[in-house]
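Working notes for the structure below.
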Protein chains: 4
Amino acid sequence: MSWLETSIMATKGVAGGKAGTHHQLTEEVQGKYHYVYGAYAKPVLTIEPGDVVSAETRDAFEGALKTEQDKPSEKLNMPYLNPQNGPIYVNGAEKGDTLAVYIKSVLPRGPQPVGTIALIEEFGGLVGTNNTAVLNKPLPEKVRKVEVDAEKGVKWNDKLTLPYEPFIGTIGVAPEIEAISSLVPDYYGGNMDLPDVAPGAIIYLPVNKTGAYLHLGDCHALQGDGELCGVAIEQPTTATIQVDLIKGMKIAWPRLETEDMYMTIGSARPMEDAARIAYRELVRWFMAETGYEELEAYMLVTQIGKVRLGNMVDPKYTLGASVLKKYLK
Amino acid sequence: MSWLETSIMATKGVAGGKAGTHHQLTEEVQGKYHYVYGAYAKPVLTIEPGDVVSAETRDAFEGALKTEQDKPSEKLNMPYLNPQNGPIYVNGAEKGDTLAVYIKSVLPRGPQPVGTIALIEEFGGLVGTNNTAVLNKPLPEKVRKVEVDAEKGVKWNDKLTLPYEPFIGTIGVAPEIEAISSLVPDYYGGNMDLPDVAPGAIIYLPVNKTGAYLHLGDCHALQGDGELCGVAIEQPTTATIQVDLIKGMKIAWPRLETEDMYMTIGSARPMEDAARIAYRELVRWFMAETGYEELEAYMLVTQIGKVRLGNMVDPKYTLGASVLKKYLK
Amino acid sequence: MSWLETSIMATKGVAGGKAGTHHQLTEEVQGKYHYVYGAYAKPVLTIEPGDVVSAETRDAFEGALKTEQDKPSEKLNMPYLNPQNGPIYVNGAEKGDTLAVYIKSVLPRGPQPVGTIALIEEFGGLVGTNNTAVLNKPLPEKVRKVEVDAEKGVKWNDKLTLPYEPFIGTIGVAPEIEAISSLVPDYYGGNMDLPDVAPGAIIYLPVNKTGAYLHLGDCHALQGDGELCGVAIEQPTTATIQVDLIKGMKIAWPRLETEDMYMTIGSARPMEDAARIAYRELVRWFMAETGYEELEAYMLVTQIGKVRLGNMVDPKYTLGASVLKKYLK
Amino acid sequence: MSWLETSIMATKGVAGGKAGTHHQLTEEVQGKYHYVYGAYAKPVLTIEPGDVVSAETRDAFEGALKTEQDKPSEKLNMPYLNPQNGPIYVNGAEKGDTLAVYIKSVLPRGPQPVGTIALIEEFGGLVGTNNTAVLNKPLPEKVRKVEVDAEKGVKWNDKLTLPYEPFIGTIGVAPEIEAISSLVPDYYGGNMDLPDVAPGAIIYLPVNKTGAYLHLGDCHALQGDGELCGVAIEQPTTATIQVDLIKGMKIAWPRLETEDMYMTIGSARPMEDAARIAYRELVRWFMAETGYEELEAYMLVTQIGKVRLGNMVDPKYTLGASVLKKYLK
């Protein structure tokens, strides 16, 4: 028996965690990609709980950085960055429900070199930015192209090959009335850049709007904690997800489940607020699962909680807090 | 001669700072108020540069807090807060231009008590919030109603009357592709809650979208620096503004001009980033006006810059940095 | 009658606000200057409550930057910066008391050019620093020397003369067991760089150690809010203060009183924490002075509080929150 | 061959990583414990590079919380918290050198229940604090006592036993002229509360003062990332370390080495500054070890860096950034 059968998705979902129709959200079906998370665009696909979607995602630069000679400042056109597939309309989803998205696979797509890394002016974790405004001269721009193979890994250079550890950098649902840049992470998901949102995991998202309006994109072949320079190994992919719906379960922020652990996800600035959000959600989840009262849960989670830094570069920083399932007793 | 004739608005504006047609944006003309800054809603008014608009603004609670017995948690319905007049379409405004809005008057409107103050759970500068997430129990909710008179002031209680020092709490233009909650301040203006945006001042806003899509609302009878508890003396008003357009002048963040000073405005978290944004913009403005080179301007602004804290409670904090015009030589 | 006679210092102080013996803390009496706030060094002076001290302060660079050709990186020797006069032992001061320091005058001292401004690598509000660590190349170093005259002002250049608005940049008492760099501001005072600590004001400091161990130094001829580039118009001075002692009045953070207002001072990072500290102290002070209960005081201070940004460059940022005395009813 | 023989300590240390004399720093030898990191106290022990020290550490409350009925507010006496063993004078250590401390073992000491956890008013990651000052009422105080056994683990309750994963919460050397509370972490080490500072690891510390003045204490039986409630499973221990000295190697912040990885450690507020410090140090270390130029190292570390959150509760937050040694090619 797979652990999935005991997951929250399987035990509470409308489809009971069972896979339904498999939809192909190809580039042709998608047509125009989107740059905001909102419910103003027309859905490209309508699905039932349980349905599987294979989406052809574009890389965060929408393929504009083709060679190592390209200059991001010339090729990129703010705010038309981080193109998203979707919106996907989920039948039956209403405000106050939770969407469960099980990530089945994320595979590189297109001709080599598939992977792109770039240094972009005034963007990144170790430079002055539009927010952390400084008078220092920006770092030089730079583009790196690398071959990515799901089996062989990421060829950094002749000496060094890095593992292929793919995940979905940006995934989420629409806010109720807003349409927010796909560069931003927040309570509805979005550009979290959290490596745990990987094949084998289920991410739970709070539905704010009838139909949920699921979007996804920005898949990475590999990324370290914090996405330090602002750019992971960006790649176009075929990302396959199974979407379920949990009626009447209301969550405030995204959550994540794997075979071994439960995670809560917060996005905010300064970074300690992302940590506070994630950990408060975790304490509350832990209380609900175990029955411990609040102070006891607070003291116990203090001893066993783990933290994953998603990004330290986006408009809000993202951080996941988790506990192993084995401690839930 | 009024100082206005030497203002940036008058010297660079399409209308030369001269008043045109006076439009009445009454509650009836407005119809439905809006809760996002964006270009997805249909304009309620189309104006020419120079035109004057008198807008009937609602208070930030849209009148839902009628008595001191009302509970905000029962009467307020997130995210339908901070109702805005607009969008106002400005003919000729295009991305890369700057809108100049001269604030002529902000007058209380409607039956007494006109003013409302409230404590809202998990909102404010001295409490845990949704971002600064804590386990402490929230403060009690509370509503205060006060009489507001433009001449006599704000009657806090029998012993204490406060001055009437009104301003526009929320004003701005649409982002290019986003629609962002009117609770948020950012580069396009929005919920800055900066007391300098007051009658007699001109605020300059960066146009991101053809037509500019100007919104305003959330007028305050009085507010201290930082809007500490999250709620000023909120009031419905008739706010009268004169709108001009500066073609080809591109600014990154809002700016403000009065008879005596120039101010730049930044909004971000943590608060030091708001300060960095505002001051970097100020140094650049100062350089452009005086011809000092960057390091000299940086050292000089250090000695003469003043800071006004707008809010320390909204999704981004807002802070203005200013220099007196007399130092521009 | 001077307002001083109604000050907290005069009404609660051991000396009743009356001036006692006048001590000269010359360079010779001082001998070695100090670079930490602590009680490990031997007092250079022992005084009674009410005594007046005229201290010959050195500038923050201890005179090491003599010409505009000097390079800070060659002339300055961390951590031997920001030299302080003191410690001054105050007879009768014990942990839990409050020291009141009335600032009588701050006058420039020594040959012209008296004033020094500098850009120091990786230090300042608009550059990457040791804390806000970036990979960007530092700004160039730079030194400016200016003539300072208490009557005529600060001669920035031939076109521009700035006002002489002096204050004490660094003043405080010893922590109980620590010895902390004089570059740091905190609950005991220290390097607050707050322009309100000026002639005519009384600053109140929490005594942590028998004798208080008062230090002062780092006087400025002028400084804008935030001390943007990290360096005000630094000058050696003769600073004259009158020291009183309030027995049994315990404060958590520095406070300040002028003829018109009460201010509380917080120092922390991020900047919003400095604001939270200052405003919580202000709400509590306001409650104690007026008898309003907490929520009412919180809502009222929201409408009338003013904020002064001291520094946005030191190891902790400093911010003062104030209310006018006229509202205390 | 042990990996230790290839460690930086072994290859660059004065003692070549070889163990020398074994000193017993018992409670009796220690006498008075210390509450600051500084060089004002007389060393309790003088050692040679290579020497081994077994220190009897006290728990962070110095044993004052004896039962679950004790109230921290009554039993704890600020600032006399977090008692430290030391100072240990290391012969030959001078400013500009690096101390290497190999952690051999950390074993619980004394009668059961050895472990203490506590909730302290206005302290912790999910409550308002002295810095993040709020008006909300504090959480209740609480003390938990638990049995700790190095073999069997930490008995949380009858259902749940947690692993024994000990580490040294506070370790460091003296600043050059300061004496800073042992509650603070900074460039010299101190109260980092980073679980990687565990048996099997080598921590490198920058010497600021002749003799180094090494201190340690605050050992934990177990702690999650961030030390959420502010208190790990605190325990008195016998901690055994081997101290070596690397002449002429100057580091700006603590570093750590294990068999598999290199880590750099930053401490600051807000948390993103701790991340920036740690990652800038890591990029620089990585460049030095591999010969990659800066931008290439920045982009590569982005893909492979890992982050460990030490604490989100101390006066500065601590965070480690690391890369696996296998990528150093």
Side-chain angles (χ1 to χ4, degrees), chain A residues 34-41 77-81 95 122 128-137 174-184 186-187 208 252-253 264 266-284 287 294-295 297-298 301 315-317, chain B residues 34-41 77-81 95 122 128-137 174-184 186-187 208 252-253 264 266-284 287 294-295 297-298 301 315-317:
Chain A
H34 293 288
Y35 310 96
V36 292
Y37 271 71
Y40 292 93
N77 181 22
M78 275 287 290
Y80 302 97
L81 284 178
K95 183 177 177 179
E122 303 229 310
T129 67
N130 283 339
N131 269 333
T132 304
V134 298
L135 297 175
N136 305 73
K137 208 179 143 195
E176 187 168 352
I177 59 173
E178 294 181 288
I180 297 181
S181 164
S182 55
L183 297 171
V184 177
D186 210 325
Y187 66 92
N208 307 296
W253 287 86
T264 47
S267 295
R269 288 194 180 201
M271 196 184 286
E272 51 264 41
D273 274 1
R276 285 172 176 135
I277 291 167
Y279 257 133
R280 183 167 77 170
E281 290 297 305
L282 188 66
V283 168
R284 289 175 174 175
M287 289 167 63
E294 188 177 64
L295 300 187
Y298 183 30
V301 167
K316 300 188 180 193
Y317 305 131
Chain B
H34 293 287
Y35 310 96
V36 291
Y37 272 70
Y40 292 92
N77 181 22
M78 276 287 289
Y80 302 96
L81 283 177
K95 184 177 176 179
E122 302 230 308
T129 66
N130 283 338
N131 268 334
T132 304
V134 298
L135 297 176
N136 305 72
K137 208 180 142 195
E176 186 168 352
I177 59 173
E178 294 180 290
I180 296 181
S181 165
S182 56
L183 297 171
V184 178
D186 209 326
Y187 66 93
N208 307 296
W253 287 86
T264 46
S267 294
R269 286 195 182 201
M271 196 184 286
E272 52 264 39
D273 274 1
R276 286 172 176 135
I277 291 167
Y279 257 133
R280 184 166 76 169
E281 290 297 306
L282 188 66
V283 168
R284 289 175 174 176
M287 289 166 63
E294 188 177 64
L295 300 188
Y298 183 30
V301 167
K316 300 188 180 193
Y317 305 131

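Protein chains get the first letters and strands the later ones, always in sequence-line order, with residue 1 at the start of each.
With sequence neighbours excluded, the residues satisfying side-chain hydrogen bond (donor to acceptor under 3.5 Å, both in side chains) with B:Asp273 are A:Thr132, B:Arg276. By the side-chain hydrogen bond (donor to acceptor under 3.5 Å, both in side chains) test, B:Tyr80 is found to be paired with A:Glu176, residues two or more places apart in sequence or in another chain being considered.
Ranked by non-hydrogen atom pairs under 4.5 Å with chain A, the options B:Ile177, B:Val36, B:Leu295 are led by B:Ile177. Across B:Val134, B:Asn208, B:Asn130, B:Val283, the residue that shares the most heavy-atom pairs under 4.5 angstrom with chain A is B:Val134.
Looking at B:Tyr298, only its side chain comes within 4.5 Å of chain A, counting heavy atoms on both sides.
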Salt bridge (Lys or Arg N to Asp or Glu O under 4.0 Å) for B:Arg269 and A:Glu272? Distances and angles first, verdict last.
CA-CA 12 Å; B:Arg269 286 195 182 201; A:Glu272 51 264 41; over 6 Å; no
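In this structure, A:Tyr40 and B:Tyr40 have parallel ring planes: the angle between them is below the 30° cut-off, well short of the 60° mark.
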